[in-house]
Every structure is written in C-alpha cells, then in structure tokens.
There are 4 protein chains.
Amino acid sequence: MSTSIRTIGIIGKYGAPALTATLGSLTEFLGQHNIRILLDAHSADGLHGNGTEITDRDALATQSDLVVVIGGDGTFLDAARSVGPSGTPLLGVNLGRLGFMTDVTRDDMLRTMGEVLEGRYHREQRFFIDGAVIRDGKRLELQHALNDVVITKRDVARMIEFDTFVDGHFVSNHRADGLVVATPTGSTAYALSGGGPVLKPTLEALALVPICPHTLSDRPIVVDASSEIEIRLSENNANPAQATWDGQFSIALENGDSIRIHRARKGLTLLHPQNYDYFAILRDKLHWGRDQAPGQ
Amino acid sequence: MSTSIRTIGIIGKYGAPALTATLGSLTEFLGQHNIRILLDAHSADGLHGNGTEITDRDALATQSDLVVVIGGDGTFLDAARSVGPSGTPLLGVNLGRLGFMTDVTRDDMLRTMGEVLEGRYHREQRFFIDGAVIRDGKRLELQHALNDVVITKRDVARMIEFDTFVDGHFVSNHRADGLVVATPTGSTAYALSGGGPVLKPTLEALALVPICPHTLSDRPIVVDASSEIEIRLSENNANPAQATWDGQFSIALENGDSIRIHRARKGLTLLHPQNYDYFAILRDKLHWGRDQAPGQ
Amino acid sequence: MSTSIRTIGIIGKYGAPALTATLGSLTEFLGQHNIRILLDAHSADGLHGNGTEITDRDALATQSDLVVVIGGDGTFLDAARSVGPSGTPLLGVNLGRLGFMTDVTRDDMLRTMGEVLEGRYHREQRFFIDGAVIRDGKRLELQHALNDVVITKRDVARMIEFDTFVDGHFVSNHRADGLVVATPTGSTAYALSGGGPVLKPTLEALALVPICPHTLSDRPIVVDASSEIEIRLSENNANPAQATWDGQFSIALENGDSIRIHRARKGLTLLHPQNYDYFAILRDKLHWGRDQAPGQ
Amino acid sequence: MSTSIRTIGIIGKYGAPALTATLGSLTEFLGQHNIRILLDAHSADGLHGNGTEITDRDALATQSDLVVVIGGDGTFLDAARSVGPSGTPLLGVNLGRLGFMTDVTRDDMLRTMGEVLEGRYHREQRFFIDGAVIRDGKRLELQHALNDVVITKRDVARMIEFDTFVDGHFVSNHRADGLVVATPTGSTAYALSGGGPVLKPTLEALALVPICPHTLSDRPIVVDASSEIEIRLSENNANPAQATWDGQFSIALENGDSIRIHRARKGLTLLHPQNYDYFAILRDKLHWGRDQAPGQ
C-alpha cells in the first residue's frame, strides 16, 4: 500500500537542544524514501540543510502533503494555526513528554513515519473557531483559534464585567477575571485550569468557562459548536480587558466591544499513529490511574 | 389557528396543598374548551371528579394529546419517565418556584393553556438514556432515565472502585463516591452538585461526572450522546455499590457488574410557553445576575 | 453608661449619590450629641460643612476615637488600610447592600450610633499582613494588606511560574495565573473566587490559594497566621508578573523576586452593632438558605 | 544519648504479604537492642513469635513506650484511634507507598529505629475530635476521630437536609450528600475529595466541607479548633442519614438528631524521622512538582 505523500514539511521548536538530532534522523529517513522536504525557515535557523529546502510557512503549508511538527504542544499549536487552514494534515513528534497533539515519541518517530508513508495512520478532524472583535459596529480584528478565545482582565488584579450571549440569547452578566471559550481541543488547556470539563475531541461543542467568577454559581456551560457566541464588555466595566487567541495573539478591548465567536469553516486534519488512544494520553497527562490520591 | 389537542391528561403532585385549586381552575378552563380530561389516578386521590375521567398512567400516556404536569421538577421527572416514551408531549406548571421543566407559573397557566390550544407554543425535544446492568453476561435490569444514571457507594462512608469505558475504549480507573452519567436535562441536577458543567439542552452530549474522586485530577468528561458508556465495578472493589436511575429507582451491584448506558431511541417532547427562555430559567435557578457575590 | 467617644471621623464613598443625605443625618445626629466631627477631605468634596472639620486621612486617624465609613466594602477596605494601623476603631455603614464590613444599614445607622455612643457594641479584632518585595537581597517595597497579597500574571493570557515556601520549607512549584495569600477577612474576597475556603474571622490563619493552577491537584492550603510565607518568582518564569496588595496597589515583578508575607504587628479594630452575626452576613452574601439550588 | 524506650508495641496490617519479613527484621533488630516487644494479637495472626509477647490492643497501648505501625495510612488510622488516647507515641512504617502518617520506608526502617532509640526523631502533636450523637436530649454515642466525623446520606442517591451551628451560632441550612468535619490530619483524606482545603497539621482548626451541596455557593468553612460544632438533621429531612467516625464506625441517624463535635482533650503523639518534611509528603501524595499538567 502507498499514499500520495511526496512532499513533507517540517516545523521544529525553535532553539530546542534535541531538535538537531531528531531533525537529522527524520530528514535522512525521508530522503531514503525519496520524499521532498520543506523546512520551516524559522525552525531551520542554525540547522544544516541536509538536502532540505528552506521555505516560509505559507509555501510549506500549500506545497506539503503532510507537515511534521517536532516540539511540544505549544509548537504544534503555533504550526496548526498557520498550516491547518490550508487543509494540509499535521503530525506531531514530541521532543520531551507526550503531548495531546505531539503524540509520537522520538523513539517511535521513524517507525511511525514508515507506517504513515504506507498509508497506515489514524486520521482525525478537529475544528477551529473564528473570533472577531467588533467595535462601534465595525470588525476590528478577526483571528482563528484551535484551543480558545479568551477574554481577561489586563494589568490589574481586579475583575472585569461582561455579558454573554448564545445565538443572540442573553446568558448572563459576569464579573470575573475573564472567560474562556474553548474547543474540545482546547478543553484540556487553559479551560481545564479554570474548572472546565474535558470535551472529547469528536464532540461538536464549545465550552464557556468563567475564570474566577465573583458569583460562585457561575459555572461552565457547554453549547453546540454551531452556536454563535458573543461576549460584550459592559459599558460600566471598570478595568482594562483584552481578548487573546490561543494564548498567542492579544488585543486590548474597550468597553462596549463585542467578541463574536463561531466555528470556523476550515478544520484541522491530524494524523496519529495507528494505535492512537485519546484516553491513554489523557490518563498520562492528568496522572490518572496512578496511585495519585492522598490518604489520611 | 387550531391544533389537534382534543384530550389532555393531568398529573399532579400527590398531596400538594395548592393542587386542588390549581387543578380545579385548569379542568374548568379545559371543560369550557371542550377538551376531554384524563386525570392520573394517583394524583386524583381525594380530588373531586369535576367532569374528568380517572385513569392509570399508561392509558393517560396513550390516549392524551398532551399531558400537563402540575407540581415541581420532581413530579415532572416522574411523569416524564412514565409518559415520555409514548411520544405524548408534556407541559409543566409549577406549584411553587419556577422549575427547569415546570416553567409555567400558576398565574400564567390559563393564558398559556389558551395559547397552547391555539397552537402557539415552543416545542422541544429532549432525550432519554437507557441504562442496563449486566451481571455474568446477562442483562439484569434495564431502565431509562431522563436526568442521569448514577453509580454510588451504598450504606458506607467509603469509596468504591470502578472502571469507565467510552465506545469500548478504557477511560480510567476511579476510586470515588460514585459517578454520574447525565443528559443535558440532568446536567443541572445532581451532576451540577458534583462539579459537572451545564450542558445546553439541545446539545447531543452526555457528561461523566465523578463524585468526590480520590484522584483530584479526575474531572468531568463530556462525550457524544451517541457514545456507548460502560461503568464496570472493579473485582477488587471493597465496598457496597448501587446503580440509580433518575434518583428514583436503585439496585444493588456486585463486583464485576457492568452498567451500560446509551441514548434511548425514544425521546421526550416538551411544550413550553412561546416566550420560553432556557437561560432565563438558568439565571433564576442559579441566582445569576443578582448581586450574589461576596465582597471583602 | 457612656464611652470615651468624643471625636468621630467620617470617610464616605467619593461621589456616591446617596452619600450627601446619609452624611447629613449622621452629622446632625452627632452634633446633637456634642461629638466633634472630622470629615475626610476626599470624601467631603462637594459636600457642605455642616459643622464638621475637613481634614486629611492621617489627622482623621490619629484624632478620632472612632471612624465611621459610609459606602461599600471597597470604601471600607481603603479606609481600613489608612486608618486601621493607628488603632482607631472603624464602623461601617453601607449605602446599598449589606457588606461584610459595612454591616450597618442606613435605616439602622442612627440607632446603632446611639448605642455605640452608649458603649453598646460588638468589638472585634482583625489582622493585617505585611507583604514585602525583595529584589537582589534588598527590600523594594513593603505594604500592609487587610484582605490579601496577590501575585498574578500581568498583561498576558499566559501563566507564570513561582515557588512557595512556608517558614522556610519549600511547599511547591506552581505554574498558574497566580496565587492569593488571604487573611480570614480576605477569604471571602478574591480568594473565594479562586476556590479558597471561608476562614472564620477569628481564626489565626492564612490561606494560600492558587489561581487557575496548571496542576489540577494544586489546592488551597491553610497555614498558621504566624507563618512566614514566601513566594519566589522562578528564574525561568516566561511571563510578566506583578504583586498586588488588597487589589489597590501593584508593582511589577522580575524573575527571582521574592514576596515575603507575615502577620502585621498592628491589627484592625472593628465595631459592629450589638446583634452582629458573622454567619448571617455570610448567608446573605452567598445566598445561602434561599432556595437557590437547581433542579432537574 | 539514650531514651527511655524500653518496650515497643507493634501493630501490623493484617494479612499483608510483606508484613512477615518486615516484622521479622524489626523484631530481630529490637531484640538486639534489648527492647521488650509487644505484638498486637490481631496482627500477629499466623506470625511466629520470635521472642515477642502477644497482647491485646489495650495492654499494648498502656505498656509500650512507643508503638510502631507497619502498613498503610488505613492501618495507622486504626492504630492511632486505639493507642493514641493513651498518650503512647506512634511511628509508622509503610509497606508500600509513602503515607502521610506511615512516613518511614521499609528500607529506612532499621536506620530510623536506631535513631529513634538514640532519641533522634521529630516529635509532633496531632489532635482528635470527639463526636457525640444526641437524640431526644440524650447522648446516644460518643466516639473520637483523628481524621473526620462525617454525616452522609445512607442507601439512597438522594440528598439529606441538615443545619450547621458553630459555637451555638446558626451557620446554614444544607441540602447535600453530607458534610465532613475534618481535623488538619483528616484534611488530606475525604475532605480533600469533597473540595476542602489542605490544613497544615499544626493549625488549630477544623474544616467543615459540604459534600455535593445543592447550593453551589455552599463552600468549605474553616473554624477554630476550639469551636463547638453541631450538625442537626432537619425534622423534614426526607432521606436516611448516618454519622461515621474516621470511615470506620457508623450509626444510623434519625431526623432531629444532633452530632456535636469538639476537640478532644487527649491528643496523638507522632514520631517522625529526623528529616521529616510534611510538604515533601504532600507533594508526593498530590503529585505536585511533576509535570502533571495537561497541555493543548
């Protein structure tokens, strides 16, 4: 069996000590399989060419049949945001501990790559959300996010005030440190620290998770992924606020600003090893199944 | 405009002081509209006939075009469990405080009934889950639930041990007071007290909420409503356990027993007033939007 | 019976609409009782003298036998921070809803004042904590707090990393949005939103409450009030952080900075009405004892 | 340097496979040091004498200068309940994983025992609480607890209703699965699973932790250890309830019953290794300081 994978892009964690060796063995392996290799210009900084072509992120996204990300979940998140919307699938190799997305260990990398080239892998779809900031009726900013769009206080140790709406229906007025709107992919990231539930990746849902709400009964709500979510910073909000996409891009908000969030049209395709097991990763990441519990 | 509602069944909260008067004005109103009235035999205990036919729950379910429940959410839950699977829609009138299901106040009852008879209402589908207990490969018990199937310790102040599976995949080994598998309808009941999220009623999802888990990272998980969920009482579980459907029916479990839960084929049809607003009820029930929050 | 109360200072919430009338009736009442009245210069802005002396906060603190605060818990907190260390007792009149500290309603104000002048009141001691920032071995800043000293991320939507120590013993390495060190007085403020427990005001204890910790088992710890607490921003912390006292004063931190917190030598004396009931206020503020609970 | 330790009692985990060997090396070591050895009759079942005297728990408590417990925290809890009030100190050797109380590993056992015999150890005081059940004005039952006194529902999957009082002051009406009143020692046991805080062992405090409260703002409260706590099962409570001491002894309750809890006069003396570090054990038990946290 064989696949149409002829060109593979590689994005690595910039400056990671273990990257060079891992990248070297991967490019050597791919070269032996006559795969054209595109190396992300930023990741390539200081690395020897090794028969690879150095290219920018856009070219890498559009010309690759698969993009391999070497690093942690942070590197993968960055790669997914730039490559994912092109439709090119991604596969993640972790440089350290197993990640939710970077679920191939370095030890298994070459074996897994061999299987992938033979068409043996687990394919999975995730979705992005689009988050737009509306000010005075005009769209100020539009970004997509794989994990979450977050509204939080900025600078200060004081809460902000905002209203939430789902499909145009008023949900609640909140006074809190902020609110996370998380995809299933993002449900195990910041939203989890804020007390949100784990959403199984296949679930078509979004979680609204208030951060340190003043009202103790202000609890996480899970809504259909097709919902139109709006967060509106109250006119009498007294403290500076900001919106942040995937923890990577932020803009300052003004009172009266709305953040409108909905499922993006384009999704993210992930390739996992054949024996991919979401719950096994969850157990590992959350330390379940070990004798973790306290006693007397 | 007119509807096909010719026969209305009524189920009331047994022994509630305010029931007689409310029932009287409802039956008088329906009589004036030439509606045939079937009165639940149990609810009718001690009430005067008033042109109604006393019948059992099964006849009431199959012969009514609509069943009106007068009481609290507990009464409604009981009625929904017995009437719902027949397909007959239900509408809830609360005798006291607004409920999630009994969302028509006594003051609004006759006006809402008038609108309903004219076909002006909000129709909504909820779903049941089936929970079966399997012992030694045989199905010991099968019950449906609108809110939740719960596995808990019995008698003792000590935790039980069990494994969870979703679609055959092992999720985790748990030591806890128990686990709630809740529908969106049940997400605001016991599951919420256990730290689970609110699931919007339209969401096709189930929440698995551990109760007082020994492992502090053992958090609620939300999965697709189409999932097959299995809870298996560990062979070396050291304390008595039980399974409970909707808090109304329980059976004792033995080590090695499995509880298998999946979305039931038949659903529940609810009629709400035209201006039905789920989030308004949620705000009211959870005391959101009041100045509930503590200060210094 | 009579007390030594000859001079009363008054601090009001700046710009509150209801302040003028309340202040007027209070000063008239105190004038009739031949009490010398010192009015906080800031609060007095735009108010008519009415036989009062306008003075600054320091003079008000040292010359008054009692300071009456008219406003909310925020106003009281500000007043307590400036007046409390002088030893002068404070009494709080709320302009709106009952507060934890401002526990005299406007309706009860004159009656309570009459009782206080006759020596009939409930006297209570609270304590401050001192929080010092140490950089490169030197004390950069020292402030006291009645509620809490908080270390949090600044600007960004990303967590900070820090170590905690109690009496020189390493407690844990944290990655979180921050940490609250709260007095019993502050346990019902920000710490409560972060998941901390309520500490009864008489308890000689401090709560360490992590905010949105990455590690789900990173739970609140309660230690003796006599403990020396240290929070040290990790050298490899990647995001900007700040320390904040009572939500009112902040300074930016650098990696390696330590915040050292211990019980202050000087305390705060509160006067409450004779029938003061802490738990009654707690029930009111947290909406206990109402039928707040959700149902089905 | 030498101590007055002439007689050592030993309590082991009944039936634990590793017990025989551990017990053998301990008794041999103690024999070499001319220590008289009293062996708990129940633990001794099936074990060879080895120069030890078999005795009951009472004799062991009163005649020993030190009692060594070999097992887990459960075994230690049982031993502490029976031996502790006599004033005889206890030292815990764990057969498996490190425990909060059984903090000597088997590998370190002989070295630690040698140090203890030379007077080199860390001595610590913990306290018990007394919990009495009052029915119709009469004391029905009185037991002490090292960890907690718990009131919970019995049999059913439905909540119970009760009132709490501290020093005679009404705290709140609760509808919940139950309530835990925990000592600092017990704060890391069941109370922690219920959402309670960790109380440092030296803190003179008790935590009241509601279990699955219906009211979401019904939060843990920490009060002075000298407080008189009362839990009164409501007259209109609708479901069976029970009181349990340390998870080991339970009695059924009737509506109107009161459980009165206060600090016991007698405490528990623990001996720890010289390098005892409470927070190190806490980190180990709660998996802090490992990279436990989830990512994307």
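Here is the naming used below: chain letters follow the sequence lines, and residue numbers restart at 1 for every chain.
In this structure, OG1 in D/T215 is found 11.5 Å from NE2 in C/H287, a value given to the nearest 0.5 Å.
Interface check for chain D: of the options C/S226, C/G196, C/S227, the most heavy-atom pairs under 4.5 Å are formed by C/G196. Taking chain D as the reference chain and counting heavy-atom pairs below 4.5 Å, the highest number among C/A280, C/P220, C/A205 is found for C/P220. Highest contact tally toward chain C, considering only D/L208, D/D218, D/I221, is held by D/I221 [criterion: heavy-atom pairs under 4.5 Å].
If you measure heavy-atom distances from C/L199 to chain D, the contacts under 4.5 Å come from both the backbone and the side chain. Contacts of D/Y278 with chain C are absent, with no heavy-atom separation under 4.5 Å from either backbone or side chain.
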Evaluate the side chain to side chain contact (heavy atoms under 4.5 Å, CB included) criterion for residues C/V171 and D/W288: first the C-alpha distance (whole Å), next the side-chain angles of each, then the deciding distance (0.1 Å), finally the verdict. CA-CA 9 Å; C/V171 176; D/W288 292 351; 4.1 Å; yes

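Scanning all heavy atoms of the two residues, the minimum distance from D/V166 to C/K200 falls at CG1-CE, 4.2 Å. Taking each heavy atom of C/F170 and D/F279 in turn, the nearest pair found is O-CB, 3.3 Å.
Using modelled atom types, no side-chain atom of D/R219 and backbone atom of C/L286 make a donor-acceptor pair closer than 3.5 Å.
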